[in-house]
Amino acid sequence: MFIKSSLITLALVLSATSTPLVGGVGTPIAFQKRSALTKDDGSLDYRSAAEQVVRDRNKHRQNLLNLERNRGPEAFNDGAYIPPVATLNLTGTSPGDLHARQAESLTDEANDEYWAGTITIGSNKQSFLIDFDTGSSDLWVPSANCTSSTCNGKDKYNATASTTSVHKSGQFSISYGDGSSVSGPVYTDTVTVAGVTAKNQYFSPVMTLSSSFAGEAMDGILGMAYPAISEFNQNPFFNSAKAQGAVKTGVFAFKLAKSGSELYLGGTNSKLYTGSIEYHTVVGSGFWQIGSGKVQVGSKTVVSNIQTIIDSGTTLVYGPPSQVATLYASIPGSKAAGNGFYTFPCTSVPNNVAFSWGGKSWTISAANMNLGRASTTRCVGAIVGQDLGLGKNVWLVGDSFMKNVYSVFSFDQNAVGFATLK
Ligand SMILES: *[C@@H]1O[C@H](CO)[C@@H](O)[C@H](O)[C@H]1NC(C)=O
Ligand SMILES: *[C@@H]1O[C@H](CO)[C@@H](O)[C@H](O)[C@H]1NC(C)=O
Ligand SMILES: *[C@@H]1O[C@H](CO)[C@@H](O)[C@H](O)[C@H]1NC(C)=O
């Protein structure tokens, strides 16, 4: 179902012509960097990719736990269930096709699977490099008291140094498959992103940090989905900022690209896209989830009537294994490579796989479809078959798709929009 984008355009025009009494009427935050799971030599870093799968599965497992606690199991999608904690499994891939490249990855750490920007927390503006995640709803950063070695080299939140810091009751925790977790106490403090400030914002300064975060430049994660999947059961940062009047429009937007990436708070940045924004109504209560989706290969629809969760904090695109198998069956020369990954000949990387929600077809470019080489001749696809427990027909649509579009998230309209990047 469409929402007319003209409604939102009108709202933006109105707020732009009135005097900005408060900050953040359209505030961009630049992202620092982005690279894929592809190494410098063009090969896939399979260990990192497998770690991403485990992390994504456990993130959404925690989201489902939170949703059940906050809203009851009736808030679940058809067929959704809480899966067991996922663990890293590097076996089960065809030899010579996909394999872990541990020896190389030790020396290759410039391999970040996210875009990150700076935020500050506290009266003394403690600075953190943050992954902005539309697929979760909580904020966490390392604590000054973090004892695990994975906190080494990261920015850490010191409660004593901020006069606005308040210790709340409760505990925050996400379990990871390597036996480690991200966990810590619950605090509130002042949080500022690109000049937009939320006071008394719930977050966790974490005492333990999963080993999967060790090699990454980012300090923590700022969730931008709905309050229903918040472990704190509190407003996420952007909702707090909106409720406190720090932004006038409950809209934020992403451009994720090799350069010039940004998150825009309080509207959209018309310098970054052309044409109108195609909006689709959010269904359910927790995720940026839109329905009536289909997957196309060229002019052929290969999977239809799917739900999609648009998740900036997920690198890849995941679909139910049988539907992903159906998709790759339409891609010439493709074959399963284990653990839900597929390969195809590097000489014919598909450039015509698209998602559509009843409007335009939004195509994934060949560059974004290709995660890298598995061998000298075969390349790995960015669409992976995984049952994440999110529901029978639910796809988790991450950066491999988002890089192809300007994406807009509107709490005002409860809609996700896409527009053509300039
Ligand atoms: C690892 O993955 C392979 C292939 O998918 C599977 O056969 C095996 O049971 C898995 N091992 C564990 C411990 O889950
Ligand atoms: C760290 O430890 C100090 C001293 O025990 C305590 O005051 C503070 O609240 C703790 N937490 C953080 C996030 O700084
Ligand atoms: C936290 O800040 C306080 C006050 O500025 C300082 O005395 C203390 O050493 C800091 N603690 C850590 C663990 O950095």
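Counting starts at 1 for both ligands and their atoms, in listed order.
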Counting both backbone and side chain atoms, is some N or O of Tyr187 under 3.5 Å from an N or O of ligand 2?
-> yes

Does NZ belonging to Lys199 count more than 12 external heavy atoms closer than 6.0 Å?
-> no

Going by the 4.0 angstrom heavy-atom rule, the piece of Ala159 near ligand 2 is both

For Ser165 and Tyr157, does a side-chain donor sit closer than 3.5 Å to a side-chain acceptor?
-> yes

Which of the numbered atoms in ligand 2 are below 4.0 angstrom from a heavy atom of Tyr157?
-> 13 (C), 14 (O)

With distance as the sole criterion, is a donor-acceptor pair present between the side chains of Ser183 and Thr208 under 3.5 Å?
-> yes

When distances are taken from atom 7 (O) of ligand 2, the protein heavy atom at minimum range is Thr160 OG1, 3.7 Å

Looking at Pro205, which atoms of ligand 2 are within less than 4.0 Å of one of its heavy atoms?
-> 13 (C)

Ligand 3 and Asn158, any nitrogen or oxygen pair closer than 3.5 angstrom?
-> yes

What protein heavy atom is closest to atom 5 (O) of ligand 3, reported as residue, atom name and distance in Å?
-> Ala161 CB, 3.9 Å

Just need the protein heavy atom nearest to atom 3 (C) of ligand 2, so name the residue and atom and give the distance.
-> Asn145 ND2, 3.7 Å

The atoms of ligand 2 lying under 4.0 Å from a heavy atom of Ser143, numbered in the order shown, are 12 (C), 13 (C)

List the steps and the verdict of side-chain hydrogen bond (donor to acceptor under 3.5 Å, both in side chains) for Ser356 and Ser361.
-> CA-CA 5 Å; Ser356 165; Ser361 293; 4.6 Å; no

